[in-house]
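A short write-up of the structure that comes next.
First the proteins, then the strands, lettered A, B, ... as listed; each starts at 1.
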Number of protein chains: 2
Amino acid sequence: MSFEEEKKILTDYIQRNNLKISGQKLKILDSFLSSKKHITAEELYGIIKKKHKSIGIATVYRTLKLLCDSGICRILKLDDGVTRYEALYGHEHHDHLICANCGKVVEVYDKKIEELQLKIAKKHHFILKNHRLDMYGICSECKKKRIS
Amino acid sequence: MSFEEEKKILTDYIQRNNLKISGQKLKILDSFLSSKKHITAEELYGIIKKKHKSIGIATVYRTLKLLCDSGICRILKLDDGVTRYEALYGHEHHDHLICANCGKVVEVYDKKIEELQLKIAKKHHFILKNHRLDMYGICSECKKKRIS
DNA sequence: ATACCTGCAAATGTTTTGCGACTAA
DNA sequence: TTAGTCGCAAAACATTTGCAGGTAT
């Protein structure tokens, strides 16, 4: 896989902010983009460590923060309390439908809900920047298993 | 202030589960209900410690968990990463409009949004249990101060 | 009496930071 | 050359747990 577009976003951001590119940053970016959605720092660290044994977890944390700052990903906190990171580029805004039993996450989008949020914000004189809508329920598979 | 209703909920829950009432639990309940909304364990601990110097923070955590279990409050995690607790009794469901600059939280409710969520869940064959909608923006005061 | 509860301190788990050596620009 | 970066270990936090003594039922 090649992630030229994200790489460009990152290097542009790095140059604009007088930072420096490095093999570690690119490797972390690559592993992050190749990974499943909603990955934790520890999970990503585990993946990268296989190829690049000497890397430190501090570098993973530092780079994930950099990726967020540059707009490549965003932080996602669900109710389990662990911080996860979600790729943003080429990934339209969406909300989450989460199975409270098996943890499955479905990404959903509803234009009307988005509009209603803008309306609410306007009513309260807020300039809406972003939002998070996480819906918790029981998915059909878990429902069948009668676990709930 | 008296919080007889919440006290009853708690003592009922305690009796049903063969637990024991204690001065600490009641003091923590009282301080929690008297406090501002969306309090953290540390903040609550600070408040209680003024009156009841010997209390331990472990007891605060244990009691907040008990309050959640008994339905008096619920956990609320915003993007700042700290766990907050929100009173539920006499407090209908609502969503949050949060100022990304000053941290102000406005509680909002929109029936249509609630309905649309049920519809989305249904479409994906989920039984919706609950949800969290947090909208982040800039409030009118901060907007005026041109901080954003 | 018997569980449960408490405060304390230690343990845990996650994320951040200080540091000396290293490296990109 | 000179910042920024790295890996490491230590520190910083938030939260949980083990324990020995105390307390409600």
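A:Thr40 comes within 4.0 angstrom of nothing in the nucleic acid, heavy atoms only. A:Ile57 comes within contact range of no nucleotide atom at all, as no heavy-atom separation falls under 4.0 Å.
If you check distances only, the side chain of A:Arg62 never reaches the base of D:dG4 with a donor-acceptor pair under 3.5 Å.
Distance NZ (A:Lys20) to P (D:dC6): 11 Å, rounded to an integer number of Å. Rounding to whole angstrom units, CD of residue B:Glu43 and C1' of D:dA14 are separated by 13 Å. Here D:dC6 presents its C1' atom at 14 Å from CD1 of A:Ile48, a figure rounded to the nearest Å. In this entry the distance linking NZ of A:Lys77 with P of C:dT14 reads 12 Å, nearest Å. Regarding A:Ile28, its CD1 atom lies at a distance of 12 Å from the C1' atom of D:dG7, rounded to whole Å. B:Ile14 places its CD1 atom 17 Å from the P atom of D:dT23, with the value rounded to the nearest Å. With rounding to whole Å, A:Leu64 atom CG is found 15 Å from D:dT5 atom P. D:dA14 atom P lies 12 Å from atom OH of B:Tyr85, rounded to whole Å.
An OP1 or OP2 oxygen of D:dT5 is reached within less than 4.0 angstrom by no side-chain nitrogen or oxygen of A:Thr59. Distances shown here put a side-chain N or O of A:Lys65 below 4.0 Å from the OP1 or OP2 atom of C:dT16. For A:Ser22 and D:dC6, the shortest distance from a side-chain N or O to OP1 or OP2 is below 4.0 Å.
Comparing C:dT15, D:dT2, D:dT15 by their nearest atom to the side chain of A:Tyr61 picks out C:dT15. Among the nucleotides D:dG7, D:dT15, C:dG7, the one closest to any side-chain atom of B:Ser54 is C:dG7. Out of C:dT6, D:dG4, C:dT2, the shortest distance to the side chain of B:Lys25 is found at C:dT6. Closest approach to the A:Glu42 side chain among D:dT15, D:dT25, C:dT15 is made by C:dT15 (side chain taken as heavy atoms from C-beta onward). If you check C:dA25, C:dT15, C:dG7 against the side chain of B:Gln24, the one that comes closest is C:dG7.
With a 6.0 Å radius and a threshold of 12 heavy atoms from other residues, nucleotides or ligands, B:Lys104 has its NZ atom above the threshold.
B:His52 and B:Gln24 share no side-chain donor-acceptor pair at under 3.5 Å. Residues B:Glu86 and B:His96 have side chains that bring a donor and an acceptor to within less than 3.5 angstrom of each other.
B:Glu43 places a side-chain N or O within 3.5 Å of a backbone atom of B:Thr40 that can act as its donor or acceptor partner.
Across the interface with DNA chain D, nearest-nucleotide mapping of B:Leu19 and B:Ala58 shows B:Ala58 to be the residue nearer the 5′ end. Heavy-atom distances to DNA chain C give each of A:Val82 and B:Asn18 a nearest nucleotide, and the one nearer the 5′ end belongs to B:Asn18.
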For A:Phe126 and B:Ile138, run side chain to side chain contact (heavy atoms under 4.5 Å, CB included): C-alpha distance rounded to whole Å, both residues' side-chain angles, the deciding distance at 0.1 Å, then the answer. CA-CA 5 Å; A:Phe126 268 63; B:Ile138 305 294; over 6 Å; no
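In this structure, CG on B:Asp110 lies 9.5 Å from CD1 on A:Ile113, to the nearest 0.5 angstrom.
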